[in-house]
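First the structure, in the form of structure tokens, and then the observations on it.
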Amino acid sequence: EAQVTQNPRYLITVTGKKLTVTCSQNMNHEYMSWYRQDPGLGLRQIYYSMNVEVTDKGDVPEGYKVSRKEKRNFPLILESPSPNQTSLYFCASSPTSGSPHEQYFGPGTRLTVT
Amino acid sequence: AQSVAQPEDQVNVAEGNPLTVKCTYSVSGNPYLFWYVQYPNRGLQFLLKYITGDNLVKGSYGFEAEFNKSQTSFHLKKPSALVSDSALYFCAVNYGNMLTFGGGTRLMVKP
């Protein structure tokens with residue numbers, strides 16, 4: 001089944017404790033992206049990657065890091081989480097060839113930072 | 001910079017009635033517009049997109065959207081709402097390599 005998977009689905013952590021949220025897709029998509037969803041603000045793009053070893057900042061990159069060493073994986077790293085990073089996080093992927101494509105979203109990771 | 005506005009936080013409609021969820025956008029150049037739906041505890045699912053061509057775009061689950069360049073709008077519509085359509089709907093504009101979302105509109109369909 002074609003899908004985007006994220007782990008963990010739920011995470012409660014404390015301020016300053018480094019964490020990584022994994023994202024993997026099995027559709028051979030070049031483009032991958034991370035979003036955070038907050039009430040009333042919709043989804044805001046954190047980082048995106050056009051292909052392996054190519055990453056760029058989105059609208060809200062502060063406090064986050066990403067890497068794209070393999071085409072299928074795009075982990076999101078919070079080196080020193082803070083309470084304002086409590087949010088619902090989504091990973092997404094899409095092909096890049098041709099006209100703009102719809103993105104395929106993972107199930108989400110709910111992060112709470114205390 | 002591009003932006004998307006969804007002016008209604010919530011839309012209430014009776015089952016069987018037509019529904020409209022509004023979206024306006026601001027972008028330089030040609031807009032590439034999308035609608036996504038989010039059911040409780042799920043990720044977003046693609047409904048439809050406008051890239052070019054016919055201003056009326058048909059998508060999944062009987063939804064359609066009308067692109068209006070002069071009004072910079074891309075309203076989502078369905079002729080007859082179902083209770084199962086109740087969900088959170090997001091409009092988005094693709095510009096360059098980024099996707100910008102509106103704040104979302106919760107659709108409540110009452111039996």
Side-chain angles (χ1 to χ4, degrees), chain A residues 1-7 9-10 21 23-25 27 29-51 54-61 68 87-110, chain B residues 1-10 21-25 27 29-54 57-60 63 65 67 74 87-106:
Chain A
E1 180 190 354
Q3 59 182 350
V4 178
T5 56
Q6 296 179 226
N7 282 292
R9 294 289 311 279
Y10 301 91
V21 183
C23 172
S24 184
Q25 51 95 3
M27 295 169 280
H29 287 165
E30 295 85 7
Y31 184 95
M32 296 186 74
S33 183
W34 276 103
Y35 300 87
R36 59 177 289 173
Q37 181 181 8
D38 301 289
L41 297 178
L43 280 79
R44 293 177 291 168
Q45 198 161 18
I46 302 170
Y47 270 95
Y48 64 94
S49 169
M50 295 296 292
N51 214 324
V54 180
T55 63
D56 273 300
K57 296 177 180 179
D59 289 323
V60 289
R68 187 90 182 274
S87 188
L88 180 58
Y89 291 86
F90 288 102
C91 180
S93 72
S94 72
T96 55
S97 59
S99 62
H101 293 274
E102 61 270 25
Q103 294 188 17
Y104 295 78
F105 283 79
T109 295
R110 187 167 293 281
Chain B
Q2 66 273 18
S3 65
V4 177
Q6 294 180 242
E8 302 153 316
D9 290 334
Q10 182 160 317
V21 182
K22 295 179 180 177
C23 171
T24 58
Y25 65 89
V27 65
N30 294 324
Y32 303 122
L33 298 159
F34 297 79
W35 276 101
Y36 288 85
V37 60
Q38 183 180 33
Y39 297 102
N41 301 313
R42 302 285 296 276
L44 276 70
Q45 296 177 32
F46 168 75
L47 276 180
L48 50 81
K49 67 181 177 183
Y50 172 83
I51 304 300
T52 188
D54 196 347
V57 180
K58 294 189 183 298
S60 307
F63 284 93
F67 171 68
F74 190 54
L88 189 55
Y89 290 81
F90 290 99
C91 182
V93 61
N94 178 292
Y95 187 74
N97 299 319
M98 291 183 57
L99 194 61
T100 299
F101 285 84
T105 298
R106 186 165 301 282

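Letters A, B, ... mirror the listed sequences (proteins, then strands); counts begin at 1.
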Output field: ring centroids B/Phe101/A/Tyr35 closer than 6.0 Å
yes
Under a 4.5 Å heavy-atom cut-off, does chain B meet the side chain of A/Asp59, its backbone, both or neither?
both
Please determine whether the number of non-hydrogen atoms from other residues, nucleotides or ligands lying under 6.0 Å from atom OH of A/Tyr104 exceeds 12.
no
Report which part of B/Thr100 has an atom under 4.5 Å of a heavy atom belonging to chain A: side chain, backbone, both, or neither.
side chain
Under 3.5 Å: donor-acceptor pair, side chain of A/Glu102, backbone of B/Phe34
no
Between B/Leu48 and chain A, with a heavy-atom cut-off of 4.5 Å, which part of the residue counts as in contact: side chain, backbone, both or neither?
neither
What closest approach, in Å, do A/Gln45 and B/Leu99 show between heavy atoms, and which atom pair accounts for it?
OE1-N, 3.1 Å
Who among A/Leu41, A/Leu43, A/Leu88 has the most heavy-atom pairs with chain B under 4.5 Å?
A/Leu43
Part of B/Gln38 within contact of chain A (heavy atom distance under 4.5 Å)
side chain
Tell me whether the centres of the aromatic rings in A/Phe105 and B/Tyr36 are closer together than 6.0 Å.
yes
Where on B/Asn97 is there a heavy atom nearer than 4.5 Å to chain A: the side chain, the backbone, both, or neither?
both
Only pairs of heavy atoms separated by less than 4.5 Å count here; which of B/Gly104, B/Gly43, B/Gly102 has the most with chain A?
B/Gly43
Considering non-hydrogen atoms only, spot the tightest contact between A/Lys57 and B/Met98 and give its length.
O-SD, 4.2 Å
Max heavy-atom pairs within cutoff under 4.5 Å with chain B, candidates A/Gln37, A/Arg9, A/Gln6, goes to A/Gln37
Evaluate whether atom CZ of B/Arg106 has more than 12 neighbouring non-hydrogen atoms of other residues, nucleotides or ligands under 6.0 angstrom away.
no
